[in-house]
Amino acid sequence: MHVVRREVPGGIVEGLCDPAFDSLAAEFARNFFERNEVGASLAVSHQGRTVVDLWGGLADPDTKRAWHRDTVSIVYSCTKGATALCAHILASRAALDIEAPVVSIWPEFGQHGKDGATVRMMLDHSVGVPVLRDKIDGDRIYDWDHMTGRLAAEPPFWQPGTRNGYHAMTFGYTVGEIVRRVSGMSLGAFFRKEIADPLGLDFWIGLPEAIEPRVAPMMFYRAPPAEQTTPFLKAALNERGSIPNLFLFNGGSWRLGGANTRAGHAAEIGAANGITNARGLAGMYAPLANGGSLGKVKLVDGDTLGRMRQVSMATHLDATLMIPTRFAQGFMVSMDNRRNGGGRDSAVLGRDAFGHVGAGGSIGFADPECGLAFGYTMNRMGPGILLNERGQSLVDAAYRCLGYSSNASGAWAR
């Protein structure tokens, strides 16, 4: 490992890098010069060894605060990977059956024909409650009991298991409530005790107030008119009451900038408000890239790991995102929509990789085929539903450093 220190627009990129991954470090710096990166972090481990640990730029352009080694930020839907992992840890310990009816754990959820729903359907976004129809008032989205009660009483948009639609916010409450009921702990407390603390990660679902000074505020992306022609945005902006419309606009205080508020950080929103950095994301996935264990920390057994990364639901038209999607049990797998979305509705990974993107372009994933664990976070959100050019360029560079030659098939291959 050698020291990296390079001036970039607005600040400095610094950290450590294995020489074999120098081209990835160069791509990270390039994002600041050519793709309007403001502040970001990047971490990669290979076969359990850290090979890239970089950070740089500005955490807060308004105050000129630099992005430091311990800076953290909201990673939006990357949080879903953490929440799903909590469920799989319980499954690995035989405390939770992924195929079990939800009503055997959460009886109230069986209302309005949801009695046939299984835990697997919650994990793969087919359970049928991707949004809530009635308005979420103010800060009620931060009220766990209110949100889980609403979801239990919500009529499904389809018969559970018959199709899928991305459960953008509701995933955290449905899967999180299963974790809470089985473990007897809140989702955030379970994640901290069983994952973040044993692995030594700066990663929270429900941020302690003492960490607030380290948080980089998010810079929101506003799609210009020329980008408002995608099926998702057309439905979200013009079809009142549609699933895309409710996803985008029925989020209470969270929709109104909650990602930059103390209330938004302190709540436990298992689909959207995890706070960490690239080191935290890569660190969470490192055991999953290496058989389920790393050092003295065992997260899941081999059988559970094998099941949790298998494709569980795929469709040509996701009812929420309005694009083709592929999901494992709580995780995204390689999604190649480059022909239709110009690369901004894709996340092209290895064929065995699984993880999750976050709104604006962050990503964390594991690839057991090559022992790769990857994390990228940033504060300037970018365009598109999945990865944009900044994140995908880093993923591509990482695979090239490992000797992969092409992703033309829809996934990286040697």
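What you are looking at is a predicted structure, and each value in this text was computed from that prediction instead of being measured. The figures that follow rest on heavy atoms only: side chains count, while hydrogens, waters and symmetry mates do not.
Between Phe203 and Phe191, a ring centre-to-centre spacing shorter than 6.0 Å is recorded.
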Do Leu16 and Val3 pass the side-chain contact (heavy atoms from CB on, under 4.5 Å) test, and can you show the C-alpha distance, the side-chain angles, and the key distance before you say yes or no? CA-CA 5 Å; Leu16 299 171; Val3 174; 3.9 Å; yes
Does the side chain to side chain donor-acceptor pair (under 3.5 Å) test come out yes or no for Ser393 and Arg30, once each step is laid out? CA-CA 10 Å; Ser393 71; Arg30 182 183 174 192; over 6 Å; no
Worked check of side-chain contact (heavy atoms from CB on, under 4.5 Å) between Thr261 and Tyr142: CA-CA 12 Å; Thr261 66; Tyr142 306 142; 4.1 Å; yes
Just do the salt bridge (charged side-chain N to carboxylate O under 4.0 Å, His left out) check on Asp202 and Arg279 with the steps written out, would you? CA-CA 8 Å; Asp202 280 350; Arg279 198 178 306 108; 5.3 Å; no
Might you work through the side-chain contact (heavy atoms from CB on, under 4.5 Å) test for Phe157 and Ile243, ending with a clear yes or no? CA-CA 9 Å; Phe157 282 78; Ile243 294 173; 3.8 Å; yes
Going through the distances and angles, do Asn277 and Thr377 end up as a side chain to side chain donor-acceptor pair (under 3.5 Å)? CA-CA 6 Å; Asn277 50 29; Thr377 72; over 6 Å; no
Quick one: do Leu394 and Phe28 satisfy side-chain contact (heavy atoms from CB on, under 4.5 Å)? Show the steps, please. CA-CA 7 Å; Leu394 299 175; Phe28 182 65; 4.0 Å; yes
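Residues Asp139 and Asp143 form no side-chain contact, since every pair of their non-hydrogen atoms from C-beta on lies 4.5 Å or further apart.
Asp367 approaches Gly350 most closely through the heavy-atom pair OD2-CA, 3.5 Å. Across all non-hydrogen atoms, the minimal contact from Ile74 to Met218 is O-SD, 3.8 Å. The two residues Phe232 and Thr320 come nearest to each other via the heavy atoms CD1-O, 3.2 Å. Taking both residues in full, the closest heavy atoms of Ala82 and Ile205 are given as CB-CD1, 4.2 Å, listed atom of the first, atom of the second, then distance. In terms of heavy atoms, Leu187 sits closest to Glu268 at N-OE1, 3.4 Å. For the pair Ser334 and Val348, the tightest heavy-atom approach, listed with the atom from each and the gap, is OG-CA, 3.5 Å.
Expressed to the nearest 0.5 Å, how far CZ of Arg49 lies from NE2 of His46 amounts to 8.5 Å. Taken to the nearest 0.5 Å, the CG atom of Asn290 stands 7.5 Å off from the CD atom of Gln47. Atom CZ of residue Arg93 and atom CG of residue Leu90 lie 6.5 Å apart, to the nearest 0.5 angstrom. Here CE of Met122 is found 8.5 Å from CD1 of Ile105. Values are rounded to the nearest 0.5 Å. The line from CG of Leu85 to CG of Leu288 is 5.5 Å long, rounded to the nearest 0.5 Å. His146 NE2 to Ile141 CD1: the interatomic distance, rounded to the nearest 0.5 Å, is 9.0 Å.
Between the side chain of Ser77 and the backbone N or O of Lys80, no donor-acceptor pair lies under 3.5 Å. In this structure, Lys114 contributes its side chain and Gly128 its backbone to no donor-acceptor pair below 3.5 Å. Judged purely by atom type and a 3.5 angstrom limit, Gln228 uses its side chain to pair as donor or acceptor with the backbone of Ala223. Asn273 contributes a side-chain N or O that, together with a main-chain N or O of Ala267, makes up a donor-acceptor pair within less than 3.5 Å. Judged by distance alone, with hydrogens and angles left aside, the side-chain atoms of Asp197 form no donor-acceptor pair with the main-chain N or O of Lys193 at under 3.5 Å. Using a distance-only test at 3.5 Å, with no hydrogens or angles considered, a donor-acceptor pair links the side chain of His88 to the main chain of Gln329.
For Arg351, the CZ atom counts as loosely surrounded, since its 6.0 Å shell holds 12 or fewer non-hydrogen atoms of other residues, nucleotides or ligands. Residue Glu7 qualifies as open at atom CD: its count of foreign heavy atoms under 6.0 Å is 12 or below. Heavy-atom neighbours of Glu99 CD from other residues, nucleotides or ligands within 6.0 Å: above the threshold of 12.
Trp412 and Asp396 share a donor-acceptor pair across their side chains, judged by distance under 3.5 Å alone.
Using a 4.0 Å cut-off between charged side-chain N and carboxylate O, Glu177 and Arg181 make a salt bridge. At a threshold of 4.0 Å, the pair Arg150-Asp134 does not count as salt-bridged, since none of the basic side-chain nitrogens sits closer than that to a carboxylate oxygen.
Annotation: cation-pi pair Arg180/Tyr173 absent, no NZ/CZ under 6.0 Å from the ring centroid and within 45° of its normal.
Residues satisfying the ring pair (Phe, Tyr, Trp, His ring centres under 6.0 Å) criterion with Phe171, sequence neighbours excluded, are His125. For Ser126, the side chain to side chain contact (heavy atoms under 4.5 Å, CB included) test picks out Met121, Asp124, Asn164, Met313, with sequence neighbours left out.
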